[in-house]
Amino acid sequence: MKIPFVDLHAQYLTIKQEIDNAIVQVIAESAYIRGPHVDAFEEAWARTLGVKRCVSCANGTDAIYIALRGLGLRPGDEVITSAHSWISTSETIAQAGGRVVFCDTDEETFTIDPADIKRKITPATVGIIAVHLYGQPADIGAIMAIARKHNLWLIEDCAQAHFAKYNGQVVGTFGNVATFSFYPGKNLGAYGDAGCLVTNDDQLADWMATFARHGGKGDHVMEGINSRMDGLQAAILNAKLPHLPAWTRARRHVAACYDKLLEDVGDVITPKVGTGRDHVYHLYVIRTENRDSLRKHLTDAGIATVLNYPKALPFYPAYAHLGHGPEDFPAAYANQSRILSLPIYPEIRREAIEEVATQIKNAFKLTPGRSTNHEVAEPVLMLNMAR
Ligand SMILES: Cc1ncc(COP(=O)(O)O)c(C=O)c1O
């Protein structure tokens, strides 16, 4: 059975008429750049999250850059962020003139480790970017306490965490500003690039909206950038937004099925969820010391998997100049060779989930004639790796 990592077309087919109507309407109105669909989405997203303002932009990376500029980052300012994320979180800090200070992650949840944040604070630190990675909120209570104590601002990178909650409160509503990506594969995805910022700070929202639109239309009160959500993407997001609660429930259900089916299989560790955190499973990431051989087995069986991400950020060539070694980020370093993302999307069928689990079990099948006791038997994968 061929099982894709995500199947965006399957989702399109479930809401085809709504999407087709939305696209036809934008074309009929020639409402391509900004316009009524964009305004409607900004209002709907802010209302849904319970925040005062939503400022749309071209993608989730721009959103972080705009937030950093809006918060007044100055050359030499240090911003603390996670060693385990997509590079948008860190590249934007340098692009906005700041200095990236990487922090290790909690080994179990993959989110930024508050204890390491405390260790990384210097007189030059101005803020923290916390990432709600894979759909799991970071330990936002502890992070907020640190930010308040040291007078730091907080940006929440919610690119992977639409509707995730911490102690019952939706992510994106804790920090000074939060950023979202609506990249097609995200839990709420457009049919191209799109992103936004949300905040309760009117002054900050006004500044960011002006900056993202060439520093003001007609008056150019500053030099800005061109980062706009287009009308087609907004209309598609408006059509998809009412379905997001059901899609989120479906993702949680898929995760619960995997959790159960993968209990006690080889050395597989299924995702651990921190106390008070509601995970929305943008990604379902297992850990195993046999990652590469398991991945090969699944690929051979027609099952697509992804490494999110092949390396922790400090170990990419882009950050070689910082001179970090594994001992600086022991958890992120250890996890980079263990993590494996399994197929997950709301429309995935039960048989596909079972097939993924069966193939993982097959990969760890006990060798004939050996003990059936999981504690002592050596999985096939171990033997493969030793060769
Ligand atoms: C954690 C994280 N931050 C930021 C982004 C950037 O979003 P975009 O691709 O819309 O620029 C992504 C997208 O992959 C992401 O996963």
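Start at 1 with the first residue, then count along the sequence.
Using a cutoff of 4.0 Å between basic side-chain nitrogens and carboxylate oxygens, Arg34 and Asp39 are scored as salt-bridged. Ion pairing between Arg119 and Asp116 holds under the 4.0 Å rule for side-chain N and carboxylate O. Taking 4.0 Å as the cut-off between side-chain N and carboxylate O, Glu108 and Arg287 count as a salt-bridged pair.
Ring geometry, His324 versus Phe102: the interplanar angle exceeds 60°, so the pair is classed perpendicular (tilted spans 30 to 60°). Ring pair His9/Tyr12 is tilted by interplanar angle, where 30° to 60° counts as tilted. Ring geometry for Tyr281 versus His279: interplanar angle under 30°, hence parallel rather than tilted (30 to 60°). Taking the six-membered ring where the residue is Trp, His162 and Phe182 present tilted rings, their angle falling between 30° and 60°.
Contact of the Asn21 side chain with the Val24 side chain is not registered, since no non-hydrogen atoms from C-beta on lie closer than 4.5 Å. Taking the side chain as every heavy atom from C-beta outward, Thr270 and Glu263 never approach each other to under 4.5 Å. Between Leu152 and Ile121, the closest side-chain pair of non-hydrogen atoms falls below 4.5 Å. The shortest side-chain heavy-atom distance between Ser82 and Leu133 does not fall under the 4.5 Å cut-off. By the 4.5 Å heavy-atom criterion applied to side chains, Ile129 and Leu68 are counted as neighbours. With contacts defined as side-chain heavy-atom distances shorter than 4.5 Å, the pair Leu313/Ser85 qualifies. Side-chain contact between Tyr183 and Asp193 is present, with at least one heavy-atom pair separated by less than 4.5 Å. Between Asp267 and Asn290, the closest side-chain pair of non-hydrogen atoms falls below 4.5 Å.
When ring centroids are compared, Tyr316 and Tyr309 stay outside the 6.0 Å threshold. Ring centroid separation for the pair Tyr134 and His84 comes in under the 6.0 Å cut-off.
Only one option out of Phe5, Tyr345, Tyr258 pairs with Tyr284 in a ring-ring contact (aromatic ring centres under 6.0 Å, His included); it is Tyr258. Paired with Thr109 under the rule side chain to side chain donor-acceptor pair (under 3.5 Å), one option of Thr105, Asp113, Asp106 passes, and it is Asp106.
One N or O on the side chain of Asp328 and one on the backbone of Gly325 form a donor-acceptor pair closer than 3.5 Å.
Listed here is the closest heavy atom pair of Val6 and Ile344: CG1-O, 3.8 Å.
Side-chain contact check for Tyr65 and Ser227: no donor-acceptor pair (N or O, by modelled atom type) lies under 3.5 Å.
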